[in-house]
S.K.: 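Dropping the structure in here first, questions after.
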Amino acid sequence: MLHLLRFALFLCLAAPAWAQGFAVGPAPDWVEELPLPADDARLKAEAQDGVHYILSDYQVMFVGEERHSYARTVMQVTDRAGLEEAATISFDYDPAFDRMTLTRLKILRDGREIDLIDKVTPEVFRREQRLEEGILDGSLTAYLQVPDLRVGDIVDYASLREMKPMVGAGERSVFAVMEWNVPVVLTRTVVFWPKDWPMTLGALPDRVIHAEGPGPDGTVRHEWQRLGHVPPRAEEAVPPQDDPTAYLRLSADPDWGPLSAALTPRYGADYPLTPEWDAKVAAIAAANSGPETRAIAALRLVQDELRYVSLSIGAGGIVARKPAEVITSGFGDCKDKALLLVVMLRRLGVEAQVALTDIDNGAALPAEVPMLGAFDHAIVRIMVKGRAYWVDPTGSHQGGDFATMAPPEYAWALPLAGAGQRVLEPIPVTAETAWSTDVTESYHFNFAGVFLTVTSVYRGGAADSMRQRWATSPRGQIETDYLEFYQNRYPGLILRDPIAMTDDRPQNRLVMEESYWLPRLALRTDGLDQDFPFAAEDFASNLPDRQPGPRVLPMQSGGPAVFHHVVRITGAGFDFNPPPEVHLENPAFRFDFAGQATDAGAMRLEWTHRRSGAVVPPDAVAGVLRDAETVHDTTWFTWNMTAD
């Protein structure tokens with residue numbers, strides 16, 4: 001049924017293209033028609049999926065405050081595998097702000113030029129690609145099918161996008177990709193920049209060539225070229241801030257102050273709430289005297305009582321809905337929830353601001369030039385006694401106070417605090433609040449077999465994750481999952497008692513108690529008693545395998561986290577000889593393992609793994625991965641339990 005719903009959303013807006021902001025027409029006079037570059041046999045040999053890319057040309061002209069951008073792509077079909085990709089051309093755009101024009105569609109075949117611009121009919125659909133994430137962005141997709149395409153043909157198409165400004169500040173800017181994940185003979189970007197606008201240009205590698213000269217209508221013509229790009233060998237776990245891809249970023253703003261100033265009035269006003277939520281705010285004030293407890297109570301109200309749905313259609317992609325509208329509808333997206341929380345906090349006497357960040361590339365924000373497109377998420381900065389605390393109102397099943405709550409792991413954010421907010425601010429994260437687990441496995445051997453009890457304590461983000469699992473999964477499924485986990489290690493294991501879970505949400509501490517029994521008969525099955533394992537999780541499994549060659553780029557080591565695991569064995573009937581201690585420390589983690597024979601027939605094994613969250617320099621990666629292999633080899637030991 002769900003696939004039918006998605007299909008309906010895909011088709012419901014199919015209609016004549018001209019009626020939905022998409023047309024066919026000539027390119028404007030300022031566009032420079034570039035001859036095709038000389039082909040490169042070396043790059044053609046590197047073609048992927050049957051398509052060889054010859055040209056990617058991007059040109060930008062500002063007409064008043066509108067940004068007009070011309071994009072042209074030229075590619076050759078080198079194999080049958082590339083026919084589908086080359087024959088299907090699509091354009092995504094927002095009809096509330098964009099006008100799209102197809103300006104070129106040609107096929108070059110055996111030296112002949114076949115013009116198809118008047119022989120195709122674009123079909124425009126509304127396709128909600130992020131519907132399952134609760135996001136409705138209202139964007140449209142125009143589809144074209146190139147007829148009678150053959151292997152060896154060259155497809156040459158171009159379009160013009162005329163984009164109206166959404167808020168003004170941060171939109172006198174250009175972002176362009178100068179290197180793609182496929183080989184391209186020539187990538188070019190031309191920007192006709194108004195002479196009276198200052199320019200802030202992001203860093204570019206020397207392999208991107210820049211030229212400058214006079215342009216039309218009071219502009220300066222800037223041209224950037226990347227010739228003969230072949231993507232380098234991909235490396236795993238590269239941090240976003242160390243992405244080596246050449247991106248062109250330029251802005252008329254020297255810092256983030258103008259963008260903050262433009263958006264602050266929209267997110268700093270005192271909007272009315274509904275009578276019901278006025279009463280809720282009053283109840284929070286009456287029950288909590290301090291700013292921290294008031295802030296946490298308001299945060300939980302916004303997180304728990306309003307579901308996440310994003311109506312990012314038109315200006316809704318930038319401007320939040322009014323808090324009363326959000327409350328009445330029962331849902332909101334990140335900016336809706338952030339604005340509502342800030343309004344509530346200010347009524348509670350707590351200083352707070354909406355802040356902009358990026359979910360996936362927050363760590364790379366310091367490398368961006370000031371532009372609106374750098375952000376895709378909104379959170380809240382709360383100020384108490386001069387100290388900043390960061391919270392995400394879209395969080396789910398979160399617990400804790402300022403000391404124990406998991407902070408957003410977006411690294412950097414821009415608080416909307418007026419023109420004086422000229423810089424991004426860091427979002428600090430500690431291992432204890434980001435992710436903390438403490439597991440104790442107790443094994444007791446006797447005449448009936450083995451009795452295993454497991455106590456797991458989760459804190460910080462780990463508690464949030466486990467709390468969400470218990471809230472969204474049936475108890476029976478959770479018990480089955482954990483039983484099967486241990487049965488894979490100990491076939492024949494039986495769950496003795498239902499799993500007990502206790503949750504101290506205010507302290508963000510969740511505890512699980514498991515109890516199992518391995519009968520003596522099962523212990524002897526398949527020689528398990530002669531090769532009995534005791535193990536902890538593979539703490540460094542988030543890291544890549546050993547690298548095949550020299551590392552060029554830094555490596556992301558994972559977010560800060562701390563893991564503690566203890567195995568206790570009693571009643572074994574013989575004296576243990578524990579494994580040797582292991583102590584490792586490198587830029588990514590610190591690992592400690594120790595074993596101790598505590599008494600006759602008893603042993604204690606203890607692991608502690610603390611992940612730093614640091615970026616590992618290239619020359620240190622090989623050593624970190626060798627240490628990760630040692631961690632893997634030190635988290636699983638077996639004993640012959642029949643030994644005398």
Side-chain angles (χ1 to χ4, degrees), residues 10 13-39 44 47-61 67-95 98-127 139-163 176-177 180 182-190:
F10 184 84
L13 291 183
W18 59 266
Q20 298 178 63
F22 192 94
V24 175
D29 293 339
W30 56 266
V31 169
E32 302 175 351
E33 297 294 344
L34 181 69
L36 292 186
D39 207 351
K44 193 170 185 178
Q48 301 176 19
D49 301 319
V51 177
H52 169 47
Y53 287 90
I54 300 171
L55 176 66
S56 173
D57 188 28
Y58 186 62
Q59 303 179 38
V60 179
M61 169 73 81
R67 181 170 58 233
H68 293 192
S69 55
Y70 169 86
R72 179 184 174 197
T73 301
V74 182
M75 55 186 167
Q76 183 176 28
V77 182
T78 61
D79 183 83
R80 167 66 184 82
L83 285 175
E84 285 78 7
E85 179 176 347
T88 302
I89 301 172
S90 65
F91 308 93
D92 295 327
Y93 64 100
D94 185 342
D98 300 340
R99 298 183 301 274
M100 292 292 299
T101 303
L102 179 69
T103 64
R104 173 195 294 259
L105 180 58
K106 298 179 180 181
I107 290 179
L108 305 179
R109 177 183 298 160
D110 300 327
R112 294 185 300 116
E113 183 178 281
I114 305 171
D115 195 337
L116 299 175
I117 192 75
D118 296 323
K119 297 180 174 62
V120 295
T121 302
E123 294 290 342
V124 179
F125 304 95
R126 176 172 172 181
R127 182 177 61 166
S139 65
L140 300 182
T141 301
Y143 278 90
L144 298 169
Q145 283 295 325
V146 179
D148 188 31
L149 191 64
R150 306 173 189 178
V151 174
D153 286 353
I154 294 176
V155 180
D156 184 351
Y157 69 92
S159 64
L160 178 72
R161 180 193 300 265
E162 300 168 278
M163 179 182 292
V177 179
W180 305 88
V182 293
V184 182
V185 176
L186 175 62
T187 297
R188 184 182 80 149
T189 297
V190 174

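For the single chain, residues carry numbers from 1 onward in sequence order.
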S.K.: Please answer whether the main-chain N or O of Glu32 pairs with a side-chain N or O of Gln59 as donor and acceptor at a distance below 3.5 Å.
M.R.: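 It does hold such a pair.
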
S.K.: When rounded to the nearest 0.5 angstrom, what distance separates CG in Leu149 from CD in Glu84?
M.R.: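 The CD atom of Glu84 is 9.5 Å from CG of Leu149, to the nearest 0.5 Å.
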
S.K.: Check the orientation of Tyr157 and Phe91. Use parallel for under 30°, tilted for 30 to 60°, and perpendicular for over 60°.
M.R.: perpendicular

S.K.: Minimum heavy-atom separation for Pro147 to Ile107, with atom names?
M.R.: O-CD1, 3.9 Å

S.K.: Any donor and acceptor pair, going by atom type alone, linking the side chain of Thr73 with main-chain N or O of Ser56 inside 3.5 Å?
M.R.: no

S.K.: Salt bridge between Arg188 and Asp57, side-chain N to carboxylate O under 4.0 Å?
M.R.: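 Between Asp57 and Arg188 there is a salt bridge, with a charged N closer than 4.0 Å to a carboxylate O.
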
S.K.: Quick one: pull up CD in Glu113 and NZ in Lys106 and give me the separation to the nearest 0.5 Å.
M.R.: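 Going from the CD atom of Glu113 to the NZ atom of Lys106 covers 3.5 Å.
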
S.K.: Which distance, rounded to the nearest 0.5 Å, do you find between the CG of Asp156 and the CG of Asp115?
M.R.: 10.0 Å

S.K.: Should Val60 and Arg67 count as side-chain neighbours, where that means a heavy-atom distance under 4.5 Å?
M.R.: yes

S.K.: List the atom of Ile89, the atom of Leu105, and the distance in Å for their closest heavy-atom pair.
M.R.: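 Nearest heavy atoms, Ile89 then Leu105: CD1-CD1, 3.8 Å.
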
S.K.: Do you know the tightest heavy-atom contact between Gly152 and Gln76?
M.R.: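 Minimum heavy-atom separation between Gly152 and Gln76: O-NE2, 3.1 Å.
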
S.K.: Is the closest side-chain heavy-atom distance between Gln145 and Thr88 below 4.5 Å?
M.R.: yes

S.K.: Work out which heavy atom in Thr141 is nearest to a heavy atom in Ser90; give both atom names and the distance.
M.R.: CG2-CB, 4.0 Å

S.K.: Can you measure from CG (Leu83) to OG1 (Thr78) and round to the nearest 0.5 angstrom?
M.R.: 9.5 Å

S.K.: Applying side chain to side chain contact (heavy atoms under 4.5 Å, CB included) to His52 and Asp39, what does each step give before you reach the verdict?
M.R.: CA-CA 10 Å; His52 169 47; Asp39 207 351; 2.8 Å; yes

S.K.: I need the minimum non-hydrogen distance between Val146 and Ala86, along with the two atoms involved.
M.R.: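 Closest heavy-atom pair between Val146 and Ala86: CG2-O, 4.2 Å.
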
S.K.: Please test Arg150 against Val77 for side chain to side chain contact (heavy atoms under 4.5 Å, CB included), starting from the C-alpha separation and ending with a verdict.
M.R.: CA-CA 7 Å; Arg150 306 173 189 178; Val77 182; over 6 Å; no

S.K.: Nearest 0.5 Å please: distance from the CG atom of Asp49 over to the CG atom of Asp79.
M.R.: 9.5 Å

S.K.: Are the side chains of Val31 and Met61 in touch, meaning some heavy atoms are under 4.5 Å apart?
M.R.: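 They are not in contact (no side-chain heavy atoms under 4.5 Å apart), so the answer is no.
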
S.K.: So, taking the atom named OH in Tyr58 and the one named CZ in Arg161, what distance separates them when rounded to the nearest 0.5 Å?
M.R.: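 If we round to the nearest 0.5 Å, Tyr58:OH and Arg161:CZ are 8.0 Å apart.
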
S.K.: Looking at Thr101 and Val24, what are the two nearest heavy atoms and their distance?
M.R.: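 Between these two residues, the closest heavy atoms are CG2-C, 4.0 Å.
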
S.K.: Just wondering, do Ser159 and Met100 contact through their side chains at under 4.5 Å, heavy atoms?
M.R.: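 The answer is yes, as the side chains (C-beta and beyond) meet within the 4.5 Å cut-off.
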
S.K.: Going by side-chain contact (heavy atoms from CB on, under 4.5 Å), Leu186 matches just one of Leu34, Leu36, Val74. Which one?
M.R.: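 The residue from Leu34, Leu36, Val74 that satisfies side-chain contact (heavy atoms from CB on, under 4.5 Å) with Leu186 turns out to be Leu34.
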
S.K.: Evaluate the side-chain proximity of Leu140 to Phe22: yes if any heavy-atom separation is below 4.5 Å, no if none is.
M.R.: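 Phe22 does not reach Leu140 side chain to side chain.
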
S.K.: Whether Asp148 and Arg109 form a salt bridge (side-chain N of Lys/Arg under 4.0 Å from carboxylate O of Asp/Glu) is what I want to check.
M.R.: yes

